[in-house]
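Remember, it's 1-based here, ligands and their atoms both numbered in the order they're listed. Just so we're clear, the structure is a prediction, and the values are computed from it rather than from any experiment. Residue numbers count from 1 along this sequence.
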Amino acid sequence: MSKVLIIFGSTTGNTESIASKIGSLLEGAGVTAEVKNAADISDATDIAKDYDAVLMGASCWGDEDVELQDDFQPVFDQIGSMGLSGKKVAAFASGDSSYQHFCGAVEVIEEAAKDAGATIVAGGLKVEGDASAAPSEIEEFATAVAKSL
Ligand SMILES: Cc1cc2nc3c(=O)[nH]c(=O)nc-3n(C[C@H](O)[C@H](O)[C@H](O)COP(=O)(O)O)c2cc1C
């Protein structure tokens, strides 16, 4: 059975709700999904090793610049040593479209994952607020990930 790791960074719980929803949709599609809060990851070295795909999501908190969520930033800083080369990756985020870089974490994660040798297997998922705002987009994202495995 395919195994997917879902890492999220979330301050008020919005990105966490999206991560949980993706996890349960993947489980429903027969995929083993492990959801990890970035706040609980002290060292991300080789974290991708036992997984077929890694999904990463975070909110961001800058005004003019993309500032990744506080717990996610130190994990993201290790993206080059996660063992992503040849792995399937997709990014998601919660945000607020009144900001200049709506869900800016998505592009930042995708670019860095590509640089680390990963293949992006689903279009970045951007959600306004929590998971309840975009059930069909979240389902499409989870389906694209499951199909890629
Ligand atoms: C000071 C500040 C800066 C923010 N910057 C952005 C931003 O650049 N882009 C964005 O989409 N949302 C931005 N937001 C909104 C949060 O990212 C949004 O509320 C998000 O849903 C929080 O998700 P979380 O609960 O998973 O942390 C900002 C919010 C604040 C208060």
In the protein, what heavy atom is nearest to [atom], and what distance, to one decimal place, separates them?
atom	value
atom 31 (C) of ligand 1	W61 CZ3, 3.5 Å
atom 12 (N) of ligand 1	D96 N, 3.2 Å
atom 5 (N) of ligand 1	G62 O, 2.7 Å
atom 30 (C) of ligand 1	Y99 OH, 3.1 Å
atom 20 (C) of ligand 1	S94 OG, 3.5 Å
atom 25 (O) of ligand 1	T12 OG1, 2.4 Å
atom 23 (O) of ligand 1	S59 CB, 3.2 Å

- Output yes when the distance from some N or O of ligand 1 to some N or O of C103 is under 3.5 Å, and no in every other case.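 Yes: some nitrogen or oxygen of C103 is under 3.5 Å from one in ligand 1.
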
- Query: Is there at least one pair of N or O atoms, one from N14 and one from ligand 1, spaced under 3.5 Å apart?
  - Reply: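 For ligand 1, there is an N or O atom that lies under 3.5 Å from one belonging to N14.
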
- Same cluster (ILVMFWY, side-chain, under 4.5 Å), I18 and V106: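 No, because I18 and V106 fall into different hydrophobic clusters, even though each may have its own neighbours under 4.5 Å.
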
- Query: Linking I/L/V/M/F/W/Y whenever any side-chain heavy atoms sit under 4.5 Å apart, do V4 and V121 land together?
  - Reply: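 V4 and V121: separate clusters.
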
- Hydrophobic clusters join Ile, Leu, Val, Met, Phe, Trp and Tyr when side-chain heavy atoms are under 4.5 Å apart, directly or via other members; which others share one with I120?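 Its cluster partners, ordered by chain and number, are L5, I7, I41, I47, Y51, V54, M56, V66, L68, F72, V75, F76, I79, M82, L84, V89, V108, I109.
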
- Message: Taking side chain to side chain contact (heavy atoms under 4.5 Å, CB included) as the criterion, tell me which of V35, L125, V145 meets it with I22.
- Response: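 Going through V35, L125, V145 one by one, the side chain to side chain contact (heavy atoms under 4.5 Å, CB included) with I22 is satisfied by L125 alone.
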
- Query: Can you list the residues that meet the side chain to side chain contact (heavy atoms under 4.5 Å, CB included) rule with D43, with sequence neighbours excluded?
  - Reply: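 Partners of D43 by the side chain to side chain contact (heavy atoms under 4.5 Å, CB included) criterion, ordered by chain and then number, come out as T45, Q78.
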
- Task: Please test F92 against I6 for side-chain contact (heavy atoms from CB on, under 4.5 Å), starting from the C-alpha separation and ending with a verdict.
- Result: CA-CA 10 Å; F92 60 95; I6 303 172; 3.8 Å; yes

- Residue among S97, S94, S98 satisfying side chain to side chain donor-acceptor pair (under 3.5 Å) with E128: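 Among the candidates, only S97 passes.
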
- Message: If the contact criterion is a heavy-atom separation under 4.0 Å, does G13 count as touching ligand 1?
- Response: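 Yes; G13 lies near enough to ligand 1 that a heavy-atom distance drops under 4.0 Å.
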
Atoms in ligand 1 with a heavy atom of [X] nearer than 4.0 Å:
X	result
C60	4 (C), 5 (N), 6 (C), 7 (C), 8 (O), 9 (N), 12 (N), 13 (C), 14 (N), 16 (C), 17 (O), 28 (C)
F102	11 (O)
T15	23 (O), 24 (P), 26 (O)
H101	7 (C), 8 (O), 9 (N), 10 (C), 11 (O)

- Task: Determine, step by step, whether V31 and D52 satisfy the side-chain contact (heavy atoms from CB on, under 4.5 Å) criterion, reporting the C-alpha distance in whole Å, the side-chain angles of both residues, the deciding distance to 0.1 Å, and the verdict.
- Result: CA-CA 10 Å; V31 174; D52 301 291; over 6 Å; no

- Query: Would you say K87 has more than 12 foreign heavy atoms packed within less than 6.0 Å of its NZ?
  - Reply: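 Atom NZ in K87 is packed in, count exceeds 12.
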
